[in-house]
Structures are given as structure tokens and as C-alpha cells.
Amino acid sequence: MKKLYLGLLLMVAAVSCTNNKPAKTESETQTSVEDSAKNNADTIGIDSTETTPPPAVDELFADFIYSYTTNRSFQFRRTDFPLRKYENGKFAGTVDRIDWKFEKLYYKHSLHIIILDGEKDLNNLISLRPDTVRVEWLRFSKKKCKQYVFARENGCWRMNRINYSSIDKHPDADFLKFYERFAADSVFQSEHLNEMIDFITFDEDNHYNKIEGIIESDQWPAFHPELPAYDIFNIDYGLKLKNQNVRVVSVRGNSNGMSSMFKFVRHKGSWKLVKFEN
């Protein structure tokens, strides 16, 4: 009986999340009809193969964003149209539903990153219950940042705005500029390694068995891991970057369980890699 009751609650919550928006006006209803006609050719044949999001899709942002970026109809339902746009903090217009194109966000790349100011937060990510998450497209090639802003409203995640700005105006601009060069320039990378780097990996035969050690900076090329560079996605869970001299970059695969961690410490104005976990 308890299991049945819990299942009913989750079903009610799922229905609530799709129906918690205000009733549409007559003009909005007409727009929806026009939108449906325009988008039908684009969605039919795709929606038929999409997996229905689970009832508990809003429990973790990771579960929600997977459905949002892989299920076209779900994305349209969970985006607040007309979608507000902001340029450097100033209102810059809206995007109507009829003009919105299905957005895969970081799932169009193989990797994404999460930037924190300590390893403790990295270990606690799965237990976080933030009210706002920003998925940042860091376009280093164009020196621009595009933020997709998601908010949890009445227990349901929705995308409610897009922010545009230059990377120079990003709150963590100093580190981002360093990371850009570190990820893309092997010479610059070698110049920003600590003499001794803490190294952690896992036994190939037993992934629960950690292998810890230290490598010297000249051994780094042998362990050189893949780092996303140029145009990358960062997920900002809303955690304050209080320690301005420590950055932990978690690199995660989008289609597999691949994960690695890089810890940087700033000393006398210069960032150095001090720890790597693979």
C-alpha cells in the first residue's frame, strides 16, 4: 500500500509540473495552435521514439536535464515562453515558442565541466538540491558566454531565461582565461604544473580500489588526459566560489561514466595544477 501511495504521489507531481502554468489567454491559445502546426513536421517521427521522462524526473537536476536535452516535446513543455533574454544584465527581448529550436546543450559534445572551489563540494554534488542552475556555454573562440538559466518552481524544473555576456564579465573570468590556455596550449600547460602532482586512479580490475601516488611534472605527458577546450559547457549549481585561490575542475563524459578531476591552486598570482584524479 505504501508503494502504491508513493507512486500516486509521483504521478500527481508529474502532472502538476506540466500543468502549473497560468491558463493561456485567447491570443496565446491561437499562438500555440500556430506553433504546433509549424513544429509538427520537425517533431513527428522523433517524439514517437522518445522515452517518457520518469515520474521523479525533477528529483535531481541531472535527471531533469537529461530528459530536457533528449526529449523534444518535454523541452518545449518545460521552457517558459516567451523566453526572456538578457545582455550583460539588461533585458534584450524574448524568444517565442514558434522560433525556438530544440537545444541539446552540452549533449552535443562528448564532455562538460563543473568548476568548484574545493573537493568537498565535488563529493556533495549528488546531494545538492539547488533552486537555480545555470548551464554555461563558454565560447572561448568568440570570448562569449551564454547562460541557460533553470529554476525549480513548485518542485518542477523549468528554463526561464537566457543570459548573454562576454567572458571578461564572468564572475570567474580570471580562472576561465587561465583554463582556456591550460586546456589548449601544451607549452603553457607544462609551465603551470606543480613540481609534484598528487595522482589518484582506480584499479582496472577493481574500480572500488583506489591507487594513490605522486608524479613529477616531467611525467605529466604520460598521464595527459583529455581536457575540453575552446567551446565548452560548464554547469553552475549556484555554489559560491569563496576561495579565490583554489579551483577544482570536474570533467565528465556525457554518454558514459567517464570522470576526472583537476585541482589548481593559485600561488603568487599564478595557477598551478597540484592534483589529478582519473
Closer than 4.0 angstrom, basic N to acidic O: yes or no for [X] and [Y]?
X	Y	result
D198	K263	no
K108	E103	yes
D168	K177	yes

[X] side chain to [Y] main-chain N or O, any donor-acceptor pair under 3.5 Å?
X	Y	result
N163	Q147	no
D117	K242	yes
S270	H267	no
N124	K120	yes

Point to revise | All side chain to side chain donor-acceptor pair (under 3.5 Å) counterparts of S141, not counting sequence neighbours | key: D231
Review point. Passes salt bridge (charged side-chain N to carboxylate O under 4.0 Å, His left out), R78 versus D58? Steps please.
Key: CA-CA 11 Å; R78 290 300 190 90; D58 291 288; 2.9 Å; yes
Does [atom1] belonging to [X] count more than 12 external heavy atoms closer than 6.0 Å?
X	atom1	value
Y237	OH	yes
K240	NZ	no
F223	CZ	yes
E212	CD	yes
K146	NZ	yes

Applying the 4.5 Å side-chain criterion to the ILVMFWY set and letting contacts propagate, would [X] and [Y] be lumped into a single cluster?
X	Y	result
I235	Y148	yes
Y106	L227	no
I232	V133	no
V135	Y179	no

Heavy atoms only: give me the nearest [X]-[Y] pair and the separation to one decimal.
X	Y	answer
M261	L122	CG-CD2, 3.6 Å
F74	N71	N-OD1, 2.9 Å
T94	R84	CG2-CA, 4.2 Å
P228	V251	CD-CG1, 3.7 Å
D172	H170	N-ND1, 2.9 Å

Exercise for review: Using the side-chain hydrogen bond (donor to acceptor under 3.5 Å, both in side chains) rule, take N254 and H109 through it: C-alpha gap first, then chi angles, then the decisive distance, then the call.
Suggested key: CA-CA 7 Å; N254 294 332; H109 296 283; over 6 Å; no
Exercise for review: Carefully, step by step, assess R181 and E191 under the rule salt bridge (charged side-chain N to carboxylate O under 4.0 Å, His left out).
Suggested key: CA-CA 11 Å; R181 290 195 63 187; E191 294 171 347; 5.8 Å; no
Practice item. Supply the atom-to-atom distance T79 OG1 to R158 CZ, rounded to the nearest 0.5 angstrom. Key: 7.5 Å
Exercise for review: Rounded to the nearest 0.5 Å, what's the gap from OG on S259 to CD1 on I114? Could you check?
Suggested key: 8.5 Å
Point to revise | ILVMFWY clustering at 4.5 Å (side-chain atoms), partners of Y86 | key: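 F91, listed by chain and number.
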Exercise for review: Please check if the distance between the ring centroids of F182 and F262 is under 6.0 Å.
Suggested key: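 No, too far apart.
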Exercise for review: Assess the pair F140 and Y230: is the distance between their ring centroids shorter than 6.0 Å?
Suggested key: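 No - the distance between ring centres of F140 and Y230 does not fall below the 6.0 Å cut-off.
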Point to revise | Residue that, paired with H192, satisfies ring pair (Phe, Tyr, Trp, His ring centres under 6.0 Å) out of W220, F175, F178, W271 | key: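 Filter result, single survivor: F178.
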